[in-house]
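Along the sequence shown, residues are numbered consecutively beginning with 1. The model shown is predicted, which means the values in this text are computed figures rather than measured ones. What you see below is based on every heavy atom in this structure, not just the backbone, and it leaves out hydrogens, waters and symmetry mates.
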Amino acid sequence: MKVNPKLAGLLILLAVMACSAAYMLLSGAAETSELRGYVGGEKIGVLEDEEIGKILARKYHITLDWVKAGSLDMVTADLDGRDFLFPSSQTALEYYEQRHGSPAKSEIVFNTPLVLYTRRPVLEALEAAGMVRERDGCYYMDMERLAAELERGTRWEELGLPQLYGTFAVNTTDPAKSNSGNMFAGLLANVLCGGVADESNVRDVLGRLQTIFENLGYMETSSSDLFDQFLKTGMGAKPLVAGYESQLLEFAVQNPDDWAQLKDEIVMIYPTPTVWSSHVFIALDEKGAAGIDALMDEEVQRLAWEQHGFRTGVAGTAQDAQRFDVPYLAPEVTQVAPMPEYAAMEQIIAALQ
């Protein structure tokens, strides 16, 4: 029997389509969903990581479309059409809850301590002044001594650094817009209060905080922008800055040639005490909640530590610090204070706006 060629071709096409549909069904393939949101700049490296992107698409069928924003700024931004916020602290989550109510879901995904970055001549001057001490191969800043010098208005030349202009200061981001500056302000408030600042005692130190921050002049609104300026502009422009430990670890991994030239010059100092930056993923709707499961994936968590320096829940993270070619990196971060409660941080933010 002669078969019509057109009919035969149609039957073959239908058979191929049926086989493809069956394969898709059996293999569990699903349409990829795009989640849109705001992200703190220090996590851009993680979200641009191709290997992490492949894991999110292959295992969770999602992609993340993001816009960079300060941790506090994103809470007040236009949230229409957004599925998530990814700030750098629980203070931002509390701020969100105050303005918008409870989110669909939230989870701390990454952690990294607040640290100080400087260059070796500044480190040596701070050691000579008794503000910084070396212990077990790491450098630690006495925050009480630091706060006292900031309040006193000490000049760089008084610390033996006449080549630096003006008043001794720690450059930080705007505490009313960005998390690292917000955390540094909270840490200073704790020190000035002699413990953890709360709603009852923070009023007594607000004027002192304002005096300290008035000496800083213009402040960046993004932690990533501040760190980038620290690397590019040298000791004269940014002698001492507050940032995240993860930023230097990520830079060393992602830019090995540049780091080889800088690693004998740049020094990381741990405040004593310091505070944890807890990077919380805030799902604004059920669609956004899928991002939490994806970012908590064990493979993603491992890459976030190994390639980007975030301390995660991966077993052995604390003991694995030697994998980074970064001098003075603490295997474990032990001297940590809690951030002031949100009611106190509200007053701090208002005073520093």
Can a donor-acceptor pair be found, under 3.5 Å and without considering hydrogens, that links the side chain of S89 to the backbone of A92? yes
From CA spacing to verdict: side-chain contact (heavy atoms from CB on, under 4.5 Å), I212, V170: CA-CA 9 Å; I212 290 172; V170 178; over 6 Å; no
Same cluster for L79 and V39 if Ile/Leu/Val/Met/Phe/Trp/Tyr side chains link at under 4.5 Å? no
Where is the tightest heavy-atom contact between T312 and F110, given as atom of each residue plus distance? CG2-CD2, 3.9 Å
Taking the side chain as C-beta and beyond, is there a heavy-atom pair between L295 and F86 under 4.5 Å? yes
Tell me yes or no: between the side chains of E245 and Y270, is some donor less than 3.5 Å from an acceptor? yes
Does the side chain of P87 reach to within under 4.5 Å of the side chain of V75, using non-hydrogen atoms? no
Do the ring centers of Y95 and H100 come within less than 6.0 Å of each other? no
How long is the straight-line distance from CG of D49 back to NZ of K54, given to the nearest 0.5 Å? 10.0 Å
Quick check: does any side chain N or O of T211 sit under 3.5 Å from a backbone N or O of G207, one acting as donor and the other as acceptor? yes
N/O donor-acceptor pair under 3.5 Å between E42 side chain and S246 backbone: no
Should the pair R36-D65 be classified as a salt bridge under the 4.0 Å nitrogen-to-oxygen rule? yes
Could you grab the distance from atom CD of E48 to atom CG of L64, nearest 0.5 Å is fine? 11.5 Å
Looking at every heavy atom in both D83 and L35, which two are closest together, and how far apart are they? OD2-CA, 3.5 Å
Can you name the closest pair of heavy atoms from A169 and L216 and give their distance? CB-CD2, 3.6 Å
Starting from L150, can I reach M183 by hopping between I/L/V/M/F/W/Y residues whose side chains sit under 4.5 Å apart? yes
Could you check whether R82 makes a cation-pi contact with Y38, meaning its NZ or CZ is under 6.0 Å from the centre of the six-membered ring and within 45° of the ring axis? yes
Strictly by modelled atom types, are S222 and K177 linked by a side-chain donor-acceptor pair under 3.5 Å? no
If you count every heavy atom of other residues, nucleotides or ligands that lies below 6.0 Å from E265 atom CD, does the total exceed 12? yes
Between A129 and L159, what is the shortest heavy-atom contact and its length? CB-CD2, 4.0 Å
Can you find a heavy atom in the side chain of V196 that is under 4.5 Å from one in the side chain of N190? yes
Is F310 reachable from I292 through a run of hydrophobic residues whose side-chain heavy atoms are each under 4.5 Å from the next? yes
Could you give the distance from CG (L93) to CD (E107), rounded to the nearest 0.5 Å? 11.0 Å
Going by an N to O cut-off under 4.0 Å, is there a salt bridge joining D297 and K59? yes
Look only at the side chain of S223 and the backbone of G243, and say whether a donor-acceptor pair between them is shorter than 3.5 Å. no
In the single-linkage hydrophobic clustering (I, L, V, M, F, W, Y; side-chain heavy atoms under 4.5 Å), do V275 and V205 co-cluster? yes
What I'd like to find out is whether the side chain of L209 reaches to under 4.5 Å of the side chain of L188, using heavy atoms alone. yes
For residues 196-221, the salt bridge (Lys or Arg N to Asp or Glu O under 4.0 Å) pairs (sequence neighbours left out) are E151-R208
Is the closest side-chain donor-acceptor distance between Q98 and E346 under 3.5 Å? yes
Apply side-chain contact (heavy atoms from CB on, under 4.5 Å) to the pair Q301 and V109, showing each step before the final yes or no. CA-CA 8 Å; Q301 291 277 297; V109 175; 3.8 Å; yes
Kindly indicate whether the side chain of L240, heavy atoms from C-beta on, has any atom under 4.5 Å from the side chain of R119. no
Quick one: does T172's side chain get under 4.5 Å of V241's, heavy atoms only? no
Would you please indicate yes or no on a ring centroid separation below 6.0 angstrom for F168 and W156? yes
Between E158 and R155, does the salt bridge (charged side-chain N to carboxylate O under 4.0 Å, His left out) criterion hold? Intermediate values first, please. CA-CA 5 Å; E158 296 178 71; R155 297 184 66 81; 5.7 Å; no
Is the shortest side-chain heavy-atom distance between R311 and W305 below 4.5 Å? yes
Under 6.0 Å between ring centres, would you say that holds for F227 and Y117? yes
Would V300 end up clustered with I44 when hydrophobic side chains under 4.5 Å apart are linked, directly or stepwise? yes
For D73, does its backbone N or O pair with a side-chain atom of T76 as donor and acceptor, under 3.5 Å? yes
Could you tell me whether E34 atom CD has more than 12 heavy atoms of other residues or ligands within 6.0 Å of it? yes
Can you list everything that forms a salt bridge (Lys or Arg N to Asp or Glu O under 4.0 Å) with D225? Sequence neighbours excluded, please. K68
For A185 and I348, the nearest pair of non-hydrogen atoms, with its separation, is CB-CG2, 4.0 Å
Is there a donor-acceptor pair closer than 3.5 Å between any side-chain N or O of N179 and the backbone N or O of S88? yes
Do Y244 side-chain atoms and S180 backbone N/O form a donor-acceptor pair below 3.5 Å? yes
Assess R133 against Y140: is NZ or CZ under 6.0 Å from the centre of the six-membered ring, and within 45 degrees of the ring's axis? no
For a quick check under 3.5 Å, do N111 and S278 share a side-chain donor-acceptor pair by atom type? yes
What's the separation between atom CG in L85 and atom CE in M74, rounded to the nearest 0.5 Å? 6.0 Å
Check the pair M339 / W276 against side-chain contact (heavy atoms from CB on, under 4.5 Å), numbers first and verdict last. CA-CA 8 Å; M339 280 287 288; W276 280 109; over 6 Å; no
Measure up the F251 and W259 rings against each other and bin them: parallel (under 30°), tilted (30 to 60°), perpendicular (over 60°). perpendicular
Between E124 and P121, is there a donor-acceptor pair closer than 3.5 Å when you use the side chain of the first and the backbone of the second? no
Least distance between heavy atoms, N201 atom then C193 atom: OD1-SG, 3.5 Å
How long is the span from the OG1 atom in T63 to the OH atom in Y60, to the nearest 0.5 Å? 15.5 Å
Between T173 and M219, is there a side-chain heavy-atom distance shorter than 4.5 Å? no
Can you check whether S277's main-chain N or O pairs, donor with acceptor, with Q90's side chain at less than 3.5 Å? no
Rounded at 0.5 Å granularity, tell me how far CG in L126 sits from CE in M131. 4.5 Å
Kindly indicate, with the supporting measurements, whether the criterion salt bridge (charged side-chain N to carboxylate O under 4.0 Å, His left out) is fulfilled by D264 and R120. CA-CA 8 Å; D264 293 331; R120 188 157 294 280; over 6 Å; no
Backbone N or O of V202 within a donor-acceptor pair of the Q347 side chain at under 3.5 Å? no
side-chain contact (heavy atoms from CB on, under 4.5 Å) between E250 and Q307, worked out: CA-CA 6 Å; E250 180 182 61; Q307 298 297 314; over 6 Å; no
Answer yes or no: is there an ion pair linking K105 with E286, defined by an N-O contact shorter than 4.0 Å? no
Just checking, any donor-acceptor pair under 3.5 angstrom between side chains of Y218 and D174? no
